[in-house]
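Reading through the structure tokens given below for one structure.
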Number of protein chains: 2
Amino acid sequence: MSGAGENQLPTHELIYRQLRDQVLFGDLAPGQAVTIQGLTDSLGAGMTPVREAIRRLIAEGALEFQGNRRVCVPLLSADNISELIVARQWLDPHLALRATERVTLDELDELTAMDVELDKAIGQGDLRAYLELNYRFHKRLYEIAEAPILADLADGLWLRFGPSLRVVCGRMGTQNLPDKHKDMLAAMHARDAERAARAIREDVIQGMEQVRRSFELSAATN
Amino acid sequence: MSGAGENQLPTHELIYRQLRDQVLFGDLAPGQAVTIQGLTDSLGAGMTPVREAIRRLIAEGALEFQGNRRVCVPLLSADNISELIVARQWLDPHLALRATERVTLDELDELTAMDVELDKAIGQGDLRAYLELNYRFHKRLYEIAEAPILADLADGLWLRFGPSLRVVCGRMGTQNLPDKHKDMLAAMHARDAERAARAIREDVIQGMEQVRRSFELSAATN
DNA sequence: CAATGAATAATTTGATCATATTCTGGCTCT
DNA sequence: AGAGCCAGAATATGATCAAATTATTCATTG
């Protein structure tokens, strides 16, 4: 068991992760078409792995299959956004509560370090870094909650609003981005699960309502 | 435009649906291995469509990828079951509440008819029919709620406990299966959304706790 | 005569399959 | 029991066929 020269992941897994990140961090715009042949070219892989990655992302709601045989990045409706808000408003606090009951001091340090990085990204106006770090912060929280099924559900929601989030943040700049993480980390330190859950709930609401407002604005101007 | 000889669905979609039903209604036992070549033989399709169907089901949590290149039907742990109970206890009542606000009289008749069929299946001890009708009843409710994302989440949970549910019901017989549907239908008729939500919550708890108890028993005897 | 529209041709893209290659797991032999 | 070999299954590629969208042409009309 060297652990060093371990086999690399299969191609379809790599393609999946690349495409997933592109959706999650808004490299693909909402409504944009995704073609198999386009990806075989741009990612330099055969069609079988690409097909599998696309099917997976469709199943997760990250991509949309359009009746005919076209695939695209979903364009959210106002109702969709409301649903996402409702779902996250329940899932995220629930997971934060569980995480507070289970978190170790090492993990708290880890989360704190991530939040420092996050602040740095906001300060530098680095949108991509903000999106990535913010996601990883929440994702780490899901893991600590030790509820793999609920974590899967919460994780899947990010894929659905990722593209829209990028658009919204691109318009508003990185200054007034939500970050209630400090409240939450303090609550976790104090082992006050209820307060941690409340803090996360506010973080979620603040971020998601921004998406909703931005959507309503763009709907009005169009 | 005859509309008669419309094009049949693509093979990968057909394979997906067949496999999905097999998982959902317990034709595949928990822990059972699922091989690509086995399916190409038994379903008479090429490997590409089979691969795509399997990836999709893995993404939905209906199948499990086991590190190496093996795939199997997931074996639930006690913690997994607790998570599923928590998730359904929130999702199903929420969707029932929305459905009550939107349901038409025709749809109520439709649900009532399904429940009659369900009673018939229970009376005849037809387990497969019970599982299928019970699923379709809840699924129809999800559709009526007009919340596609939340419905997707709820729908995905069925795939996770489908195999275990079959095992449990097989052990207990069809007599004391949960069916709080009559309470719920009455509440929907009266447009009492809160009561409908409570009824569904009891239905869910009753069914899922049975799974949990059965799991604990089998864990104790093993 | 210019412009619009339908019908058809051409190109692009998706779906499926057959085949080659690689890796895992079991079995045997020492 | 441990190392190496063998069988079988999964991964990945490219070719082939089918479908859909786009481009083009021609006829008809104002």
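Proteins come first, then strands; the chains are lettered A, B, ... in the order of their sequence lines, and each starts at number 1.
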Expressed in angstrom and rounded to an integer, what is the separation of B:His12 atom NE2 from C:dC17 atom P? 11 Å

Nucleotide D:dT11, atom P - distance to CZ of A:Arg55 in whole Å: 17 Å

Establish, with yes or no, whether the OP1 or OP2 oxygen of D:dT11 is under 4.0 angstrom from a side-chain nitrogen or oxygen of A:Thr48. no

Exam field: side chain A:Arg102 to backbone A:Arg98, donor-acceptor pair closer than 3.5 Å: yes

Checking side-chain polar atoms at under 3.5 Å, does A:Asp92 have a donor or acceptor matched by the opposite partner on A:Tyr142? yes

Expressed as a whole number of angstroms, how long is the span from B:Ile15:CD1 to C:dA15:C1'? 13 Å

Over how many whole Å does the gap from A:Leu9 atom CG to D:dT11 atom C1' extend? 13 Å

Rounded distance in Å - CG (B:Leu43) to P (C:dC17): 12 Å

Assign each of B:Glu52 and B:Arg70 to its nearest nucleotide of DNA chain C by heavy atoms, then name whichever residue's nucleotide is nearer the 5' end. B:Glu52

Out of D:dA18, C:dT16, C:dT24, which nucleotide sits closest to the side chain of B:Arg69? C:dT24

How many angstroms lie between atom CD1 of B:Ile36 and atom CD1 of B:Ile54, to the nearest 0.5 angstrom? 5.0 Å

Nearest of C:dT13, D:dA10, C:dA15 to any side-chain atom of B:Thr35? D:dA10

Hey, are A:Asp79 and A:Ser82 close enough side-chain-wise for a donor-acceptor pair under 3.5 Å? no

Donor-acceptor pair under 3.5 Å: do we get one between B:Gln37's side chain and the base of D:dG8? no

Do B:Asp155 and B:Tyr135 pair up side chain to side chain, a donor and an acceptor below 3.5 Å, judged on atom types alone? yes

Both A:Met47 and B:Phe65 contact DNA chain D. Taking the nearest nucleotide for each, which residue is further toward the 5' end? B:Phe65

Side-chain N or O of B:Arg51 less than 4.0 angstrom from OP1 or OP2 on D:dT11? yes

A:Ile36 atom CD1 is separated from D:dA12 atom C1', nearest whole Å, by 15 Å

To the nearest Å, give me how far apart CG (B:Leu39) and C1' (D:dA10) are. 13 Å

